[in-house]
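Encoded as structure tokens, the structure appears first; notes follow it.
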Amino acid sequence: MVKQIPEELLVRHCSPTLAGMKTGNMFSCPFADEGEMIDSMRHWNRMFGKKGLRVLPLRFRDNRALVYVYRISRLSRDLEDDTACRLLRKRGYETVIPELCIARLITKLRACGEFPHEIGLFLGYPPEDVCGFIENGAKGCKLTGCWKVYGNEDRARRIFARYKKCTDIYTAQFARERSVDRLTVAG
């Protein structure tokens, strides 16, 4: 099988999720054949499934796939947050069951060209910051890093630093030929 999702992309874009520190990451990946891309995702799901991760295509467009890598248990916990629940209901989600929320997100992504702003909840961003972005856009944020911060700036700085350190360590380990499977933490 031809792997359409290179390990290097997973390490570069998903290290905090692979390490169990973050709910999810997404990235764009080129592909030549949609069927091969789906086969590649099946390959990664077989490998990651036993470690509590999933890989899904959120959208296919112009020979690029928007790939979502996430931790099932963390997403469940994140979507049960009261602020996240209220936000999702306001944005047309009828439930907080992760699989159904992801299906709704996929429908929204495929229906329009823009990202629905609630997508941050699927990536582990604090609900207060997702709400802040929806209400204010880029105006009034206290800090910009992995996301725009409207709430706890100090906590966000610490998280951004942890994610960067994790990515640096994983990138270095991968360069020393440590496999993605070995870098991925179960949980």
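Residue numbers run from 1 in the order of the sequence given.
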Would you confirm whether [X], through its side chain, and [Y], through its main-chain N or O, come within 3.5 Å as a donor-acceptor pair?
{"X": "Arg74", "Y": "Met21", "result": "yes"}
{"X": "Tyr68", "Y": "Phe122", "result": "yes"}
{"X": "Asp129", "Y": "Tyr125", "result": "no"}
{"X": "Lys142", "Y": "Asn152", "result": "no"}
{"X": "Asp62", "Y": "Arg64", "result": "no"}
{"X": "Lys22", "Y": "Leu123", "result": "yes"}
{"X": "Arg91", "Y": "Glu118", "result": "no"}

Ring centre gap for Phe60 and Phe31 strictly below 6.0 Å: yes
Within the 6.0 Å centroid threshold, strictly below: Trp147 and Phe133: no
Cation-pi, Phe115 ring and Arg59 (6.0 angstrom, 45 degrees): yes
Nearest-0.5 Å distance, CG of residue Leu100 to CG of residue Leu88: 12.0 Å
Atom pair SG/NE2 of Cys131 and His117 - distance to nearest 0.5 Å: 12.0 Å
Whether over 12 other heavy atoms sit under 6.0 Å from Lys50 NZ: yes
More than 12 heavy atoms of other groups within 6.0 Å of Lys165 NZ: no
Hphob cluster co-occupancy, Val55 + Val185, side-chain heavy atoms under 4.5 angstrom: yes
Residue pair Thr23 / Arg71, side-chain donor-acceptor N/O under 3.5 Å: no
Test item: side-chain donor near acceptor, Glu135 and Tyr150, under 3.5 Å: no
